[in-house]
Amino acid sequence: MSKVTKCFSLILFSSFFIVSSAAGDILSANQTIKSGETIVSAGSVFELGFFSLGSSKNQYLSIRYKHASAITVRVFNPDAPLADGSGMFRLSSEGTLTLNLLNAKNTTIWSSNSSTSLKNPVAQLLDSGNLVIRAENESDSGNFIWQSFDFPDNTFLPGMKLGRNLATGLDWSFNSWKSNDDPSPGNFQVKLDVSGYPQLFLWNGSAKYIRIGPWNGLTWSGIATAGSNNIFEDELGIKEEEIYFKYEPINGAMLIRLVVMPDGQVIRYTWTNQSNKWDPVIILQADYCDDYARCGAYGSCNVNSLCSCLDGFQPQNSEALHSLNSSEGCVPKTQFNCSNRDDFVLQSNKKWPDTQNSSYDFSTNLEDCKKKCLENCSCTAYVITNITGEGSGCLLWFGGLTDIRDQEQRGRDFYVRVVASGSGSSNSSRARRTVLIVLVPIISISTVVLGFYLWHVCKHTKKREGPVKEHAFNDGSGDLPVFDFRAIADATNNFSNNNKLGEGGFGPVYKGILEDGKEIAVKRRSKCSTQGIEEFKNEVSCIAKLQHRNLVRLLGWSTTEEGERILVYEYMPNKSLDFFIFGDMKQRASLDWPKRYKIINGITKGILYLHEDSRLRVIHRDLKASNILLDYNMNPKISDFGMARSFGDSETESNTARVVGTYGYMSPEYAMEGAFSVKSDVYSFGVLLIEIVSGQKCRFFNHPSHNLNLMGHAWKSYKEDRLLELIDASILESSVQYEAFRVIQIGLLCVQQYPEDRPNMSSVLLMLTSKAPLPHPKQPGFFTERKLDEADTAVLDSSISDQTVSLVTPR
């Protein structure tokens, strides 16, 4: 090739890059991108525009590599492809990215739903592949109000996170496509489980398929090729506000991507400049032992010898174990007696058991870790590990140990609880029985005498001291201040009707202004209220321990000897949710679909915190629209914890003879049997979802063509594919129809008749924040046609205010 030709080629090649980069990496407010136009990251690594995939002629708004085989890493409209090249992508002046179809209605088919508005917003495509919205003057601050990395597609890029933001409730996960030509969500999803010691799962639909973890201090123990490498560095972060996994290339210029394929394989691709192609390494391809919990509890899987029991355990069903139907697992050869006679057996070169039911304590040595496990009767195994590289810690397992396999090359050790040999001898058993025969009568008689004595002392002490002040109770309220009653009366203008905000089952609520100008909301118990000291104590002790942006904040409380019981909250200026969704046309229209969708997500995160992330599992028992308050920015906050109940970590449900709540929101098992669990709240939440979308109250709903209640009407609309008729007419124009339809379907999944069919709130949040296919709901509870006679009407009219009720239910 001549020098002239080389020079000409170089000029032509350079001009190509100059023209390509002319589009820039910034999208300014109200600027648009149409078919054939792109923006390109500063280093020409990624580009964003409308592209086709594989052999498909449909166009998708996508992010793809600019030169590395133009591989797509992010699709924004997987469920709404553009067939005619009529797409338009723009950034609104308030900082909301919207993708519009250019038709008569200019229909929005995707939106970033970024909640924070900016004066001068810009959207920027970074060289990492991250599309961000930021203020124009904050180019290098990393202060983004929205970023595409929070919503991965089928590709996990360096700098992305898997895990959960504990403050916002946002889950980071990535899922497969249906095919290489169809980017709509497929069956497989990779997700970090943070309910115990961190571990990765590959899900197939709603079932756990492969447990990739847990984290063994260096990497994920379920990955065959895991180990040290010179390509990338893993990081597991456990912070106060987030738990995450991410990776970064050691050579910052190297291109790496992890992809979950339509068939469930997870493949790592590395770009090599020498061969000018992506080199694949399959890092996850299931074998026999990778099937989740293949060998059941206390069983270990080996690809050669299949299932066997851990040392100290025996098959629960020998025939099943040897016939490969091994899900029944193993049981201890001798049942635990929960004493210092229990011992631990070292299990070597194993994949650690499922850590969902586990706890982790930093900076604990081996002996202290063993002691902790021995002292807890529920603890079944322990190990010392280095979770973050910052020091050793104690990992404890509770309950049955599942999903264990032999791993000669990369396995780790752990210790499993067994009964020490000889600890269950007949001589020691007889000795214990003899001691019990002698001691039990003595202890029983002593208990009766002591109880009578304490009752006598207590009775006479009360006579001497007089009545106990109501505010002198052990409320567990920590540092919550006790307000002076006179100061509260002054702040509310002596509880003037002009300051009254509303009224609930506990009593009226007033707006108040303290001397320092702080606005407060004051809930004062009504003298005719059926809620008394127990509800008051419960509200103070329960909500004082809860801190979340989607829960109303309790500022303090006050009582007097005259029976006044007062709760002081942060002031919510935009009233409650029912004021808008059940108001007149103007009020309902003011709460458009984006605002409603934001409120739905906020409520979800608040309930998820109560059920899974707070120090105690809390069941609200009275979730309804009037108990969702709205702050200055229309952020939802769950209120009214007077009926709430808290559980320990190992508790999941309970029963009560006193059913409390609001008709229409109560789950069937709670209203009829007094049985309540987190799934009771899920049912109430499902009712609330359908109310938010439809603008109809669940109670007193009527329809001209049938006598079904609102849940029955939603179910009928779903089955007949007429969900559009269910959407509130005031938000039709502002709604994203597929989002509204999806919310209705999620609501129907939540109100299914049987609790075990309803999703938990972490699944609900995933459904709301992803586009994975939803299961079909079953018939809802209380799905019935009814004919209201005069007696029914009288009962309904007597409680038309939707106030909380309580009743005794025979069981």
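Remark: R742 CZ is packed, more than 12 non-hydrogen atoms of other residues, nucleotides or ligands lying under 6.0 Å away. The environment of N30 atom CG is dense: over 12 non-hydrogen atoms of other residues, nucleotides or ligands sit within 6.0 angstrom. Few gaps surround CD on E37; more than 12 heavy atoms of other groups in view lie less than 6.0 Å from it.
Q199 pairs with exactly one of T355, D403, I212 by the side-chain contact (heavy atoms from CB on, under 4.5 Å) rule, that one being T355.
Checked by atom type and distance alone, the side chain of R74 pairs as donor or acceptor with a backbone atom of F151 at under 3.5 Å. Judged purely by atom type and a 3.5 angstrom limit, S763 has no side-chain atom pairing as donor or acceptor with the backbone of P759. Put simply, the side chain of N77 never gets that close to the backbone of Y60: no donor and acceptor are under 3.5 Å apart. Distance alone, capped at 3.5 Å, places no donor-acceptor pair between the Y244 side chain and the R164 backbone. Side-chain atoms of S52 come within 3.5 Å of backbone atoms of N58 as a donor-acceptor pair (strictly under, hydrogens ignored).
Residues W278 and Y65 bring their aromatic ring centres within 6.0 Å. Within the 6.0 Å centre-distance limit, the rings of W220 and F245 are counted as a close aromatic pair. Not less than 6.0 angstrom separates the ring centroid of Y209 from the ring centroid of W203.
Taking every heavy atom of both residues into account, G686 and C750 meet most closely at CA-CB, 3.5 Å. Between L551 and G606, the shortest heavy-atom contact is CD2-O, 4.1 Å. In plain terms, the two heavy atoms of P183 and P78 that are nearest each other are O-CB, 3.3 Å. Scanning both residues, L82 and G87, for their nearest heavy atoms gives CD1-CA, 3.4 Å. The shortest non-hydrogen separation linking A123 to L91 is N-CD2, 3.5 Å.
K605 pairs by the salt bridge (charged side-chain N to carboxylate O under 4.0 Å, His left out) definition with nothing, not counting sequence neighbours. With sequence neighbours excluded, the residues satisfying ring pair (Phe, Tyr, Trp, His ring centres under 6.0 Å) with Y292 are F201. Qualifying side chain to side chain donor-acceptor pair (under 3.5 Å) partners for K161, counting only residues two or more places apart in sequence or in other chains: E242. In this structure, the ring pair (Phe, Tyr, Trp, His ring centres under 6.0 Å) partners of H548, at least two apart in sequence or on a different chain, are Y609. A search for side chain to side chain donor-acceptor pair (under 3.5 Å) contacts involving N633 returns nothing, not counting sequence neighbours. Listed by chain and residue number, E47 satisfy the side chain to side chain donor-acceptor pair (under 3.5 Å) test with R64 (two or more places apart in sequence, or in another chain). Looking at residues two or more places apart in sequence or on another chain, you find a ring pair (Phe, Tyr, Trp, His ring centres under 6.0 Å) between W593 and Y597. In terms of the salt bridge (charged side-chain N to carboxylate O under 4.0 Å, His left out) criterion, D631 has no residue partners (sequence neighbours excluded). Residues satisfying the salt bridge (charged side-chain N to carboxylate O under 4.0 Å, His left out) criterion with R596, sequence neighbours excluded, are D728. Looking at residues two or more places apart in sequence or on another chain, you find a salt bridge (charged side-chain N to carboxylate O under 4.0 Å, His left out) between D354 and K208. Under the side chain to side chain donor-acceptor pair (under 3.5 Å) criterion, S41 pairs with D127, not counting sequence neighbours.
Salt bridge K771/D79: absent, no basic N to carboxylate O contact under 4.0 Å.
Taking CE of M767 as the start and OG of S762 as the end, the distance is 9.0 Å to the nearest 0.5 Å. Taken to the nearest 0.5 Å, the CD1 atom of I145 stands 9.0 Å off from the CG atom of N143. For the atom pair CG (L765) and CG (N601), the distance works out to 6.5 Å, reported to the nearest 0.5 Å. Here the straight-line distance linking atom CG of D153 with atom OG of S176 works out to 10.0 Å at 0.5 Å rounding.
Between L726 and Y718, the closest side-chain pair of non-hydrogen atoms is not below 4.5 Å. Between V693 and L689, the closest side-chain pair of non-hydrogen atoms is not below 4.5 Å. At least one side-chain heavy atom of L157 sits under 4.5 Å from a side-chain heavy atom of F149. Side-chain contact between V259 and V266: absent, with no pair of heavy atoms (C-beta onward) separated by less than 4.5 Å.
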Report task. List the steps and the verdict of side chain to side chain donor-acceptor pair (under 3.5 Å) for Q59 and S35. Result -> CA-CA 9 Å; Q59 283 196 338; S35 180; 3.1 Å; yes
Report task. Could you check F156 against Y247 for ring-ring contact (aromatic ring centres under 6.0 Å, His included), going step by step and ending with a plain yes or no? Result -> CA-CA 9 Å; F156 187 49; Y247 71 100; 5.5 Å; yes
Report task. Output, in order, the C-alpha distance, side-chain angles, deciding distance and verdict of side chain to side chain donor-acceptor pair (under 3.5 Å) for Q31 and R90. Result -> CA-CA 6 Å; Q31 186 179 350; R90 73 165 176 235; over 6 Å; no
Report task. Given side chain to side chain donor-acceptor pair (under 3.5 Å), test S195 with D193 step by step and report yes or no. Result -> CA-CA 6 Å; S195 57; D193 178 16; 2.7 Å; yes
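Counting only residues at least two apart or in different chains, salt bridge (Lys or Arg N to Asp or Glu O under 4.0 Å) contacts with residues 178-189 are absent.
W110 and F89 have tilted rings, their planes meeting at an angle from 30° to 60° on a 0 to 90° scale.
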